[in-house]
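Okay, structure first, notes after.
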Amino acid sequence: MSTGSGLDSRPIIRPDRDLRFAHEEHPLEALMSRFDYAAERLHLDPGLYKVLRNPEHQVIVSVPVLLDSGETEVYTGYRVIYNSSRGPGKGGIRFRPDVTLDEVTALAAWMTWKCAVVNIPFGGAKGGVVCDPSTMSVGELERLTRRYTSGIIDKLGPDSDVPAPDVNTNERIMAWIMDTYSMHKRHTVNAVVTGKPITMGGSLGRREATGRGCMIVTRAALSRLGIPLQGARAVVQGFGNVGSIAAQMMHEQGMSIHAVSDHTGGIINEKGLDVTGVMAWLKEHRVLEGYPNADSISNEDLMELECDVLVPAALEHVITMKNAERIKARVICEGANGPTSARADKILDAKGVFVIPDILANAGGVTVSYFEWVQDRGGYFWDEDTVNERLEKIMERSFHEVCTMAEQHGVSLRIASYMLAIERVAAVHRLRGMYA
Ligand code: NAD
């Protein structure tokens, strides 16, 4: 890959790894090409470009686990700290059979830019263990988690690297990591992970934070575009943690939630869905399928509905060159990571769609993770209103900073987000200088 700086950069993911993305750039490749483009626009110094294009630390550990059957299995675990110039590494740990070092590295880079765009004092990190948790007992999972933690323990710490939940990991697993780390340190260190249960140092408002952040930046975008918030029509793909909370909060702001979907398909009501009723249905039935007060719609058709705001909050690459031309939303708020391909970006740009990019739109979660870490370190816990007010301030400020960057450089909000983030990380590198 060549950049304006004339340097060759090392591709850190294998392009042919995932056949789902055979026709377009893999989302993680798209991340790196957006980084390259933004670095070029910033005229980033070639040396600094090399530094920011490479991970600081990559740890690979063997994780032997005694299975319930009495046999021993050895799993592979990774932890990558991509950049820690602005503060400790921050990023989730995923348990998945197909996780690779390349994927974890690219996701750690992603976290670096996400933390920088909202200007929280964290670097970026990510971890993974190659395993299939659906086939493991609770005891096996606990032993795996504890052994993996002890394998990477030299990197972990409130001052150096702070993991969080990701795919197939949750607050219970965070509690095991925290306990294992604390046992080694001989005292309780709750700030070593975020996404913990509230009773052991988790933050109020964390569960809702990503969806709330989506609502805040959407509200700011509508105001900027002169679209009245009251009655603005929203369509939400994915009705899990991010999508359902975003829909609920947009509804509370007076927006009309026109259609929503999950993996079983979508539901639509021309007059606006009764979001409270949909939430109650989901609580009882676990899926949207069968909800009575709406018509059905496929996930594909849902994406192409006429609306003011489209919130992709499920999967990667749901907006591609195949459907981008038919997207009718005026604003896209990327709740999910990587929902838009690089080629679709160009089409949406040409159509004048206002895309609030993932690294900004869904940064509410990591922002409240930062609040959790701050509260743990101070040993003083905030009420939920304080958490929400501080989140709102950071999301609104970041949104406006990205818009200003976009205007100054004549680039999309996505490229502006990367430029803002890269500039912040680069500025710290310049000030700190190079330790030789
Ligand atoms: P989740 O598992 O709670 O919800 C995912 C939702 O997507 C579910 O409703 C599921 O049914 C739906 N879905 C799955 N396959 C689908 C398909 N083919 N079509 C339509 N819907 C489908 O996950 P989440 O935590 O809400 O995360 C959603 C996205 O947001 C992911 O990309 C995640 O990386 C990103 N994200 C989450 C957070 C967070 O704090 N939870 C933070 C940042 C980014």
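Each ligand, and each atom within it, is numbered from 1 in the order the structure gives. The shown structure was predicted, so the numbers you read here are calculated from the model rather than taken from an experiment.
- The nearest heavy-atom contact from the protein to atom 8 (C) of ligand 1 is G240 N, 3.8 Å.
- Atom 14 (C) of ligand 1 has as its closest protein heavy atom H263 CB, 3.7 Å.
- Residue contacts with ligand 1: E300 is excluded, as none of its non-hydrogen atoms falls under 4.0 Å.
- When only interatomic distances are considered, the shortest N/O to N/O separation between K114 and ligand 1 does not fall below 3.5 Å.
- Of all heavy-atom pairs spanning S150 and T180, the tightest one is N-CG2, 4.5 Å.
- Comparing G364, P312, A313 against atom 28 (C) of ligand 1, the shortest heavy-atom distance belongs to A313.
- Between Y370 and F122, the ring planes are perpendicular. Angles over 60° get that label, and only those under 30° would be called parallel.
- Using a non-hydrogen distance threshold of 4.0 Å, A314 registers as a contact of ligand 1.
- Taking atom 9 (O) of ligand 1 as the reference point, the nearest protein heavy-atom neighbour is F239 N, 3.0 Å.
- When heavy-atom distances to ligand 1 are checked against a 4.0 Å cut-off, R206 comes that close only through its side chain, counted from C-beta outward.
- Between the side chains of S417 and K114, no donor-acceptor pair is found at a separation under 3.5 Å.
- Under 3.5 Å, the side chains of R86 and N119 contain a donor-acceptor pair of N or O atoms.
- Neither side chain, N54 nor Y82, offers a donor N or O lying under 3.5 Å from an acceptor on the other.
- Using modelled atom types and a 3.5 Å distance limit, the side chains of N323 and E300 yield no donor-acceptor pair.
- The protein heavy-atom contact nearest to atom 18 (N) of ligand 1 is L315 CD1, 3.2 Å.
- Set against the non-hydrogen atoms of N299, the atoms of ligand 1 under 4.0 Å away are 19 (N), 20 (C).
- Relative to atom 1 (P) of ligand 1, the option among N241, T210, V368 with the closest non-hydrogen atom is N241.
- For atom 33 (C) of ligand 1, the closest non-hydrogen atom on the protein side is N337 ND2, 4.2 Å.
- Judged by distance alone, the side chains of S85 and N83 do bring a donor and an acceptor atom under 3.5 Å apart.
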| message | Is there a side-chain contact (heavy atoms from CB on, under 4.5 Å) between R94 and T169? Walk through the geometry before answering. | response | CA-CA 6 Å; R94 49 181 55 187; T169 57; 5.8 Å; no
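- Which of V167, V318, D262 comes nearest to atom 21 (N) of ligand 1 through a heavy atom is settled by distance: it is D262.
- For ligand 1, the atoms sitting less than 4.0 Å from at least one non-hydrogen atom of V242 are 24 (P), 26 (O), 27 (O), 30 (O), 37 (C), 38 (C), 39 (C), 41 (N), numbered in the order shown with element in parentheses.
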| task | Please assess R206 against S369 for the test side-chain hydrogen bond (donor to acceptor under 3.5 Å, both in side chains), listing each intermediate value before the final yes or no. | result | CA-CA 7 Å; R206 170 62 189 91; S369 290; 3.3 Å; yes
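- Near A336, meaning under 4.0 Å from any of its heavy atoms, are these atoms of ligand 1: 29 (C), 30 (O), 32 (O), 35 (C).
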| said: Run T105 and K126 through side-chain hydrogen bond (donor to acceptor under 3.5 Å, both in side chains) and show every step you take. | reply: CA-CA 7 Å; T105 304; K126 205 81 182 185; over 6 Å; no
